[in-house]
Amino acid sequence: MSRDAQSSPEATAPTLRHRLEFTLAWAFIHVLRALPRRVARAAGALIAAIAHATLGRLRRVGLRNLALAFPALPASERELVLRLEYRHLGWLLAEFCQMSTYTPGFAGRFIRYEGLEHYLAARDRGNGVLVLTGHLGAWELSSFYHSLAGYPMGMVIRRLDNPLVDALVNRIRCQHGNRVLHKDDFARGLLAAMGAGETVGILMDTNMTPPQGLFVPFFGVAACTASGLARVALKTGAAVLPGFLLWEESEGQYVLRFSPELALTDTGDAEADAADNTARFTAVLEEAIREYPSQWLWMHRRWKTRPPGAAALY
């Protein structure tokens, strides 16, 4: 989930390159927005297929990650998973370009909830909700649809390098009441949001570095993982529940699925509890990725940070 619709006072003044990039991004979004949704999704899939064929470095990272996660899977099947992932990314690109035009009735034709009662029960406790999620399925569409349905939320994001594109993207993301907490100063905002009983989604599947990250198993390989979600949950009493918007091939539609609230380890040892809960959250993400392997962002160098003395994996 992603960025602030408001520019930061520390933001760098836009350069000519920023303005050119913004113009291209604006034009691209509006071209795909103008197409019928089915045509836009086909165009997105074509763009993604071209990216898969031409961006060799990303393809190699994706295949390396798949080999780490599924060593017993034949190489041909890992390649198929990666090609399907690109298709899903192409679809997500099209949905992002079009979603500012969506109404609840229109989006309800191809998105349904499952487990919304879990979210509502956690929200109604009043201590805030931390949605455990990742770059799985249609993550950009998930928070947008949740706000479109009347449940706006916060999102922890890293700023885009181009401030004009950053603002453009965030205007779309925040159209129905969502707001952004930037990663460079999210702790205070996250604590305040939980204190106000709000909901915040956290993408917890990206590579981190110590001390913000702790090494926990991910597909059997030590992965440096953000511990902030676990620490904030224990400090505030906020509910933690998994939430993913996944494409169900058999239904031909997306399902925004919320699982029951997760129980937390709370022994009073802050560091041990943070490590244990971070590992448990990561195991939940891994389980979801194993169920929908072709919908996770395999091109991210998830295991880039290595434990002391460990060999590089990329």
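All residue numbers in this chain count up from 1 along the given sequence. Everything numeric in this text was worked out from a predicted model, so none of it was measured.
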Between Arg87 and Glu249, does at least one N-O distance fall below 4.0 Å, as a salt bridge requires?
yes
Pairs touching residues 53-74 that satisfy side chain to side chain donor-acceptor pair (under 3.5 Å), sequence neighbours left out
Asn65-Tyr314
Using side-chain heavy atoms (C-beta onward) and a distance below 4.5 Å, is Met153 in contact with Val131?
yes
Taking His88's backbone N and O only, do any of them form a donor-acceptor pair with Gln295's side chain (distance below 3.5 Å, no angle check)?
no
According to ring pair (Phe, Tyr, Trp, His ring centres under 6.0 Å), does anything in residues 264-291 pair up with another residue at least two apart or in another chain? List the pairs.
none
Hydrophobic side-chain clustering at under 4.5 Å (ILVMFWY, transitive links): who's grouped with Val255? Put none if nobody.
none
Side-chain heavy atoms under 4.5 angstrom apart, residues restricted to Ile, Leu, Val, Met, Phe, Trp, Tyr: same cluster for Val216 and Leu136?
no
Restricting to non-hydrogen atoms, name the atom on Trp91 and the atom on Ala45 that form the minimum distance, rounded to 0.1 Å.
NE1-CB, 4.0 Å
Which residue pairs pass the side chain to side chain donor-acceptor pair (under 3.5 Å) test with at least one member in residues 32-51, sequence neighbours excluded?
His30-Arg33, Arg33-Ser100, Arg37-Glu95, Arg41-Glu95, Arg41-Tyr254
Kindly give the cluster partners of Leu35, where membership spreads through any ILVMFWY side chain lying under 4.5 Å from a current member.
Val39
Within-4.5 Å side-chain heavy-atom neighbours: Met99 and Tyr145
no
Backbone N or O of Asn207 within a donor-acceptor pair of the His300 side chain at under 3.5 Å?
yes
Per the salt bridge (charged side-chain N to carboxylate O under 4.0 Å, His left out) rule, what does the pair list look like for residues 203-224, sequence neighbours excluded?
none
Taken in chain and number order and not counting sequence neighbours, the residues that satisfy side-chain contact (heavy atoms from CB on, under 4.5 Å) with Glu85 are Leu82, Leu89, Leu297, Trp298, Met299
Establish whether Val129 and Leu120 are linked, either directly or via other cluster members, by ILVMFWY side-chain heavy-atom contacts under 4.5 Å.
yes
Answer yes or no: is there a side-chain heavy-atom contact under 4.5 Å between Leu313 and Arg301?
no
Do Thr305 and Pro210 come within less than 4.5 Å of each other through their side chains, counting heavy atoms only?
yes
Give me the atom names and distance for the closest heavy-atom approach of Cys174 to Met155.
SG-CE, 4.3 Å
Are Trp139 and Val284 linked, directly or through intermediate hydrophobic residues, by side-chain heavy-atom contacts shorter than 4.5 Å (ILVMFWY only)?
yes
With hydrophobic residues grouped by side-chain heavy-atom distances under 4.5 Å, do Ile202 and Leu214 end up in a single group?
no
Is any side-chain heavy atom of Phe28 closer than 4.5 Å to a side-chain heavy atom of Leu93?
yes
Arg302 to Phe218 six-membered ring, cation-pi geometry met (6.0 Å, 45°):
yes
Quick one: ring pair (Phe, Tyr, Trp, His ring centres under 6.0 Å) partners of Phe215, sequence neighbours excluded?
none
Answer whether the closest heavy-atom distance between the side chains of Thr199 and Tyr151 falls below 4.5 Å.
no
Under 4.5 Å between side-chain heavy atoms, chaining through other members, with only Ile, Leu, Val, Met, Phe, Trp and Tyr counted: pull out the rest of the cluster around Met208, sorted by chain and number.
none
Would you check if Asn178 and Arg173 make a side-chain contact, meaning some heavy-atom pair closer than 4.5 Å?
no
Test applied, side-chain hydrogen bond (donor to acceptor under 3.5 Å, both in side chains); reference residue, Asp273; option that passes from Thr278, Thr267, Thr265:
Thr267
By side-chain contact (heavy atoms from CB on, under 4.5 Å), Arg17 pairs with (sequence neighbours left out) Thr15, Glu21
Going by atom type alone, with no hydrogens or angles, which donor-acceptor pairs under 3.5 Å involve a side-chain atom of residues 227-244 and a protein atom two or more places apart or on another chain?
residue : atom : partner : partner atom : Å
Ser227  : OG   : Gln212  : O            : 3.3
Ser227  : OG   : Arg231  : NE           : 3.0
Arg231  : NH1  : Glu271  : OE2          : 2.9
Arg231  : NH2  : Glu271  : OE1          : 3.1
Thr236  : OG1  : Val232  : O            : 2.8
Thr236  : OG1  : Ala238  : N            : 3.2

Is the gap between the ring centers of Tyr113 and His146 under 6.0 Å?
yes
Hey, mind stepping through Glu248 and Tyr292 against side-chain hydrogen bond (donor to acceptor under 3.5 Å, both in side chains) and telling me if it holds?
CA-CA 9 Å; Glu248 292 292 348; Tyr292 297 88; 2.4 Å; yes
Is any side-chain heavy atom of Leu148 closer than 4.5 Å to a side-chain heavy atom of Phe106?
no
Other cluster members, Leu46 - Ile/Leu/Val/Met/Phe/Trp/Tyr, side-chain contacts below 4.5 Å
Ile50
Out of curiosity, does Phe144 fall in the hydrophobic cluster containing Leu160 (side-chain heavy atoms, cut-off under 4.5 Å, transitive links)?
yes
